[in-house]
**Q** 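Supplied in structure tokens, the structure appears directly below.
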Amino acid sequence: MRFFDCNRIAFGAVIRYPLRTGMMLLATSIGVGAVLMLTALGESARGYVGQAFQTLGTNIVIVMPGRTETAGTAPGAMVGTTERDLTLDDARALLRSPAIRYIAPVIVGSATVSQGNLERETTILGSTTDFATIRQWTMAQGEFLPNVDLDRASPVCVIGNVIRTELFGDEPPIGKWLRIGTRRCRVTGVLADQGTSIMIDVNEVVIVPVGYTQMLFDVSGLFRIIAQATDRESMDRARLDIIRIIKTRHYGEEDITVITQDAVLQTFDGIFDTLTRALAGIAAISLIVAGVLIMNVMLVAVSQRTREVGLLKALGATHRQIVALFLTEAAFLAVLGGITGLGFSYLVIIGVRGLYPEYIFMPPAWAAVGAFTVALVCGIFFGIWPARKAAAIDPIMALAGRQA
Amino acid sequence: MIKLEGLCRDFQVGDQVVHALDHLDLVIRQREYVSIMGPSGSGKSTLLNILGLLDSPSAGNYWLDDISTASMQDDELASVRQKKIGFVFQSFHLVPRMNAVENIELPMVLAGLLPADRRDKVAAALERVGLTNRADHRPDQLSGGERQRVAIARAIVMQPMILLADEPTGNLDRQSGEEIVDLMENLNNQGLTLIVVTHDPAIGNRAQRKVRIEDGRIKIDIQ
């Protein structure tokens, strides 16, 4: 039997039983669709987090006081290093590294802010003019913090959009006094809405010079130092420089933790990758279910076509030829189901992308290829038993019209 | 051409052994026209299945063209069936989803002939059974007699030596039945060995050689 004829006969059987074929296509395409949809969701989540990290700015190195690891040798042992504050001088010293372009020391606290008889509790963030540069923030009105010496406590502030409407209403806030705790400072600007942003809710923050926060909260140690490397290649260099500079200033004690944006992103990337693959695996179970269904349907097909098989044997069909015919039929069902599944999934995906263009909703190519392959392999694998059963049919019984 | 020697076929029914064929000897020469008759359960269908290589004897020998069939494996049996034997059944056994041409070319498809090589042979077979104008009809669009003609065309398309017919007129009215028998006799005149199993004496008595089987043995053999 020629390959072409085998396909022709099998395909003839596929289109001859439209209800059966339709159900098979539905089952397989649901399986393929599930894999594509779930992996698309995983990818979308990864894309969302990646995008959020981009709002941190590019090529960011974050310096935190203290080591995250302990030197405990036995339970209850003391933390290995004594924590030394990060100071403004430390921050300033980092600029000595040629790999670092900007630094922004950060102190974060919480305080009551008020204007007239309106007041609310909010996050106070102390930093410098470079903070807005690093995070690529834009202003809705006025200007960001002035470029002054780090430890100068100029009484000025920049407010988020929500703070502005809650405390100033429709009045123009620029140049007005805002009371923070027991002190007050003049509003120089209002931040534009920055969209998704992590770590800080841009709309509900009051930003003041870092020196002013030291005074306000009576602290000298910094919460973070945000540094921006000159380019992507020098991030590692910047990290090593930071450790070296701080270590020298802290009398040889490496009592800081330095995180690069890349490392964090990579970690998240890894997590989402695993997540997406796990989702794909779960969805692939539905493909196996579809395979079992193919097996059932093929078994029914075999018993329905017992006479036909008997006839083929009388006409000189070999065991292998019967197996080939039924396997080809199962493969056709699986391939058609896979194609239908891919087609419908991409239609849904295009639809979702049309509705929510801001999200990256697209399954990775490996999911499409993988789902299709698994569908095909399942179809053929679960077609083996029915095909062998068909080949084992006794032609005498079959031709006499009795079930073997 | 066909030589059966001490042929036995036993079936186990419950805890009882039934001898469907009991030491049967038979020689059929080329171009012969043989009818095999007998009451139901006499073993005539079993004999036909063995002659068609669909079944194998429990004991005894079957030589087809001087070759013993006892040692043949499944694939070899299939190949001999394909090349040397044509079957015609009582219930036609056409594949319902295929039209006349596709049904007729099935044996050639299984044999691996190319479509170009099949076309002429199918046309010739259709011509011989007088159904050239029904080529693209499916079985459900054909009358009983026409279906059996398609089945005969399918049986002869590989140009076998033997045509085995199992109650070929059983599902047909008298007139179509006669036409079918005429057709098969015509083929026999052209050189095909014809073996017809039937319990209809009107059909059976038309054969030149009439074999009657009872209880798995040949009772009468009239040349």
Side-chain angles (χ1 to χ4, degrees), chain A residues 1-21 301-329 332-333 387-404, chain B residues 9 11 20 45-46 48-50 52-56 73-99 102-118 138-139 151 154-155 157-158 160 164 166-167 170-171:
Chain A
M1 186 168 49
R2 304 273 166 172
F3 181 67
F4 164 79
D5 283 316
C6 179
N7 285 323
R8 192 173 51 82
I9 294 174
F11 191 71
V14 166
I15 53 176
R16 164 72 188 182
Y17 305 99
L19 180 67
R20 175 198 75 152
T21 303
V302 167
S303 62
Q304 271 177 347
R305 275 187 263 155
T306 304
R307 282 157 56 103
E308 188 180 320
V309 174
L311 170 78
L312 288 174
K313 287 193 155 184
L315 296 181
T318 59
H319 195 275
R320 289 171 53 117
Q321 283 176 330
I322 306 281
V323 169
L325 277 173
F326 278 91
L327 267 191
T328 308
E329 195 174 324
F332 263 123
L333 289 174
R388 294 176 73 101
K389 216 169 132 73
I393 284 174
D394 176 3
I396 300 167
M397 294 290 195
L399 290 169
R402 290 178 298 227
Q403 298 287 317
Chain B
R9 181 66 172 103
F11 293 103
S45 290
T46 308
L48 195 82
N49 288 332
I50 289 177
L53 297 173
L54 292 172
D55 199 359
S56 47
Q73 295 302 303
D74 244 25
D75 284 5
E76 208 177 338
L77 289 171
S79 149
V80 172
R81 273 204 296 272
Q82 188 169 76
K83 296 192 178 82
K84 299 189 175 173
I85 301 167
F87 288 94
V88 175
F89 306 98
Q90 176 176 2
S91 47
F92 324 133
H93 288 302
L94 300 178
V95 180
R97 62 172 181 277
M98 297 179 178
N99 65 25
E102 290 169 319
N103 266 293
I104 294 168
E105 67 179 2
L106 257 183
M108 295 191 287
V109 167
L110 292 170
L113 267 69
L114 286 171
D117 301 331
R118 302 198 296 247
R138 281 205 315 273
R154 181 182 61 194
V157 77
M158 289 292 285
L164 294 177
D166 187 3
E167 302 281 9
N171 280 4

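Note on naming: letters A, B, ... go to the chains in the order of the sequence lines (proteins, then strands), and numbering restarts at 1 for each one. A quick note: this is a predicted structure, and the numbers were derived from the prediction, not measured.
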**Q** State, with a plain yes or no, whether a side-chain heavy atom of Thr21(A) is found less than 4.5 Å away from one of Ile15(A).
**A**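 A side-chain contact under 4.5 Å is absent here.
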**Q** Just checking Arg8(A): does its CZ atom have more than 12 heavy atoms from other residues, nucleotides or ligands closer to it than 6.0 angstrom?
**A**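 Yes, because the 6.0 Å sphere around CZ of Arg8(A) holds more than 12 heavy atoms from other groups.
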**Q** Counting only heavy atoms closer than 4.5 Å, note whether Phe3(A) contacts chain B via side chain, backbone, both or neither.
**A**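 Contact with chain B: none, neither part.
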**Q** With only heavy atoms counted, which part of Ser91(B) is less than 4.5 Å from chain A, the side chain, the backbone, both or neither?
**A**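 Answer is both: backbone and side chain atoms of Ser91(B) are under 4.5 Å from chain A.
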**Q** Non-hydrogen atoms of chain A under 4.5 Å away: do they reach the side chain of Asp55(B), the backbone, both or neither?
**A**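 Contact with chain A involves both backbone and side-chain atoms of Asp55(B).
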**Q** Are more than 12 heavy atoms from other residues, nucleotides or ligands located less than 6.0 Å from atom CZ of Arg388(A)?
**A**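 Atom CZ in Arg388(A) is not packed in, count stays at 12 or less.
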**Q** So which of Arg118(B), Gln90(B), Met98(B) has the largest heavy-atom pair count under 4.5 angstrom toward chain A?
**A**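 Among Arg118(B), Gln90(B), Met98(B), the one with the most close pairs to chain A is Arg118(B).
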**Q** Applying side chain to side chain contact (heavy atoms under 4.5 Å, CB included), run through Phe89(B) and Arg307(A) and close with a yes or a no.
**A** CA-CA 12 Å; Phe89(B) 306 98; Arg307(A) 282 157 56 103; over 6 Å; no
**Q** Leu325(A) versus chain B, heavy atoms under 4.5 Å apart: side chain, backbone, both or neither?
**A**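 Neither part.
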**Q** Heavy-atom distances under 4.5 Å only: say whether Met158(B) touches chain A with side chain, backbone, both or neither.
**A**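 Neither part.
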**Q** Check each atom of Arg2(A) against the heavy atoms of chain B and say whether the ones under 4.5 Å are side chain, backbone, both or neither.
**A**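 Backbone plus side chain of Arg2(A), per the 4.5 Å heavy-atom cut-off to chain B.
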**Q** Considering only heavy atoms and a distance below 4.5 Å, find which of Gly12(A), Pro395(A), Ala13(A), Gly310(A) pairs most often with chain B.
**A**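 Answer, by heavy-atom pair count under 4.5 Å with chain B: Ala13(A).
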**Q** Indicate yes or no: at least one non-hydrogen side-chain atom of Phe87(B) is less than 4.5 angstrom from one of His93(B).
**A**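 No, side chains not in contact.
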**Q** With a 4.5 angstrom heavy-atom cut-off, which part of Leu113(B) approaches chain A: side chain, backbone, both or neither?
**A**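 Looking at Leu113(B), just its backbone touches chain A.
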**Q** So what's closer than 4.5 Å to chain A heavy atoms on Glu105(B): side chain, backbone, both or neither?
**A**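 Just the side chain, heavy atoms under 4.5 Å.
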**Q** Out of the candidates Asn99(B), Val95(B), Leu94(B), only one should pair with Arg97(B) under the side-chain contact (heavy atoms from CB on, under 4.5 Å) rule; please name it.
**A**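 Output: one option passes, namely Val95(B).
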**Q** Any idea which heavy atoms bring Ala78(B) and Ala317(A) closest together, and the distance?
**A**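 Closest heavy-atom pair between Ala78(B) and Ala317(A): CB-O, 3.9 Å.
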